[in-house]
Peer 1: 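This structure is in structure tokens; I'll ask about it shortly.
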Amino acid sequence: MSTLLAGIDFDAPSEEVARLLIGVTLLVDGIGGRIVETEAYDREDPASHAFSGPTARNASMFGPAAHAYVYRSYGIHWCLNFVCREAGHGAGVLIRAIEPVQGLDAMRARRGLMDARLLCSGPGRVCQALAVTREHNGLSLAAPPFELLPRAGDVDVVAGPRIGISKAMDVPWRFGLRGSPHLSKPFRT
DNA sequence: CTTAGGATCGCCT
DNA sequence: GGCGATCCTAAGC
């Protein structure tokens with residue numbers, strides 16, 4: 001079985017989906033841009049919300065693939081994930097940064113900021129710029145307000161350790177577009 | 001340039 | 001009560 005969207009099989013392992021998502025365009029209500037940074041999380045992963053099994057918060061992570069898992073971070077920010085694998089597995093990809101392309105003015109207004117480099121360079125910033133909230137949790141990525149467009153050409157993907165976690169620090173499941181100025185942090189290479 | 005603190009929700013022990 | 005898959009601002013070197 002496979003859940004195809006934007007040329008990606010979302011039933012694949014999250015580290016594979018995370019790598020393939022680099023260069024894909026993400027729009028929410030027509031506003032967004034190119035994904036330049038992702039992180040993979042899996043059920044067998046001490047750093048993952050899914051590690052300790054389903055809860056009210058992470059329920060959509062155990063739902064069908066190619067759906068959104070949105071959670072509140074530090075009680076303040078929203079963070080957007082794409083669910084992977086078959087329903088019930090509990091895997092996902094955190095969208096950490098995008099290169100703003102569509103709706104720059106709307107994003108600037110929502111973020112209260114002019115600098116394009118800082119508009120979407122972090123998981124909380126992405127959700128603020130694209131106006132993603134709890135209301136998007138559990139929604140399919142194959143239908144409005146979401147839109148995923150396949151990447152145009154080849155991309156140069158870098159991998160490294162994930163950010164902001166205290167477990168499984170050695171797992172290189174952070175992926176990025178090499179040299180992009182829109183990353184939340186540069187990769188050391 | 002690096003570090004420190006505050007904001008404040010949901011789940012954990 | 002503690003601790004995050006964070007971000008912003010301010011202060012220090």
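A quick note: this is a predicted structure, and the numbers were derived from the prediction, not measured. All chains are named by letter (A, B, ...) in the order of the sequence lines, taking the proteins before the strands, and each is independently numbered beginning at 1.
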Peer 1: Under 4.0 Å, counting only non-hydrogen atoms across every strand here, what does A/Arg162 touch: a base, just sugar-phosphate, or nothing?
Peer 2: nothing
Peer 1: With A/His49, which residues qualify under ring-ring contact (aromatic ring centres under 6.0 Å, His included), at least two apart?
Peer 2: A/Tyr71
Peer 1: Which value, in whole Å, describes the distance between the C1' atoms of nucleotides C/dC8 and B/dG10?
Peer 2: 22 Å
Peer 1: Give the B/S/- string for nucleotides 6-13 of chain B, one per nucleotide from 5' to 3', where a protein heavy atom under 4.0 Å of the base yields B, of only the sugar-phosphate yields S, and otherwise -.
Peer 2: -BBBSSS-
Peer 1: Can you sort out the partners of A/His89 under side-chain hydrogen bond (donor to acceptor under 3.5 Å, both in side chains), two or more places apart, ordered by chain and number?
Peer 2: A/Asp42
Peer 1: What would the secondary structure line of DNA chain B be in dot-bracket form, counting Watson-Crick and G-U wobble pairs under 3.5 Å, with [ ] for pairs that cross earlier ones and | for pairs with another strand?
Peer 2: |||||||.||||.
Peer 1: Across nucleotides 8-13 of chain C, 5' to 3', mark each nucleotide with B, S or - according to how protein heavy atoms within less than 4.0 Å reach it.
Peer 2: S-----
Peer 1: Considering all heavy atoms of both residues, which atom of A/Asn137 and which atom of A/Ser60 are nearest to each other, and what is their separation?
Peer 2: OD1-OG, 2.7 Å
Peer 1: Hey, can you pull the donor-acceptor pairs under 3.5 Å for the side chains in residues 145-162 of chain A, sequence neighbours left out?
Peer 2:
from	atom 1	to	atom 2	distance (Å)
A/Arg151	NH1	A/Leu20	O	3.3
A/Arg151	NH1	A/Ile22	O	3.2
A/Asp156	OD1	A/Arg178	NE	3.3
A/Asp156	OD2	A/Arg178	NE	2.8
A/Arg162	NH1	A/Ala40	O	2.8
A/Arg162	NH1	A/Asp45	OD2	2.7
A/Arg162	NH2	A/Asp45	OD1	3.2

Peer 1: Nearest whole Å is fine: how far is C/dA5 C1' from A/Asn137 CG?
Peer 2: 15 Å
Peer 1: Let me know the distance between CD1 of A/Ile165 and P of C/dA5, rounded to the nearest Å.
Peer 2: 8 Å
Peer 1: Counting only pairs under 3.5 Å, give me each side-chain donor-acceptor contact of residues 50-57 of chain A, with atom names and distances, residues two or more places apart or in other chains.
Peer 2:
from	atom 1	to	atom 2	distance (Å)
A/Thr55	OG1	A/Arg57	N	3.3
A/Thr55	OG1	A/Asn58	N	3.3
A/Thr55	OG1	A/Asn58	OD1	3.4

Peer 1: Please report, to 0.1 Å, the donor-acceptor pairs under 3.5 Å made by any side chain of residues 95-118 of chain A, with sequence neighbours excluded.
Peer 2:
from	atom 1	to	atom 2	distance (Å)
A/Arg96	NE	A/Glu37	OE2	2.8
A/Arg96	NH2	A/Ser184	OG	3.1
A/Glu99	OE1	A/Arg34	NH1	3.0
A/Arg108	NH1	A/Met114	O	3.2
A/Arg110	NH1	A/Ala129	O	2.7
A/Arg111	NE	A/Leu119	O	2.9
A/Arg111	NH1	A/Gln128	OE1	2.7
A/Arg111	NH2	A/Leu118	O	3.0
A/Asp115	OD1	A/Arg117	N	3.0

Peer 1: Are the side chain of A/Ser14 and the backbone N or O of A/Tyr41 linked by a donor-acceptor pair below 3.5 Å?
Peer 2: yes
Peer 1: Is the side chain of A/Ser2 donor-acceptor paired with the backbone N or O of A/Leu4 at a distance under 3.5 Å, no angle test?
Peer 2: no
Peer 1: Hey, are the side chains of A/Val93 and A/Trp173 touching, using non-hydrogen atoms and a 4.5 Å cut-off?
Peer 2: no
Peer 1: Taking CZ in A/Arg188 as the centre, count heavy atoms belonging to other residues, nucleotides or ligands within less than 6.0 Å. Is the count above 12?
Peer 2: no
Peer 1: For residues 73-84 of chain A, pull every pair meeting salt bridge (Lys or Arg N to Asp or Glu O under 4.0 Å), keeping only residues two or more places apart or in separate chains.
Peer 2: none
Peer 1: Side-chain polar contacts of residues 79-86 of chain A - donor-acceptor pairs under 3.5 angstrom, sequence neighbours left out - could you list them?
Peer 2:
from	atom 1	to	atom 2	distance (Å)
A/Asn81	ND2	A/Tyr69	O	3.4

Peer 1: Among residues 79-89 of chain A, which residues get a heavy atom nearer than 4.0 Å to DNA chain C?
Peer 2: A/Asn81
Peer 1: With sequence neighbours left out, which residue pairs that include part of residues 12-29 of chain A fulfil the salt bridge (Lys or Arg N to Asp or Glu O under 4.0 Å) condition?
Peer 2: none
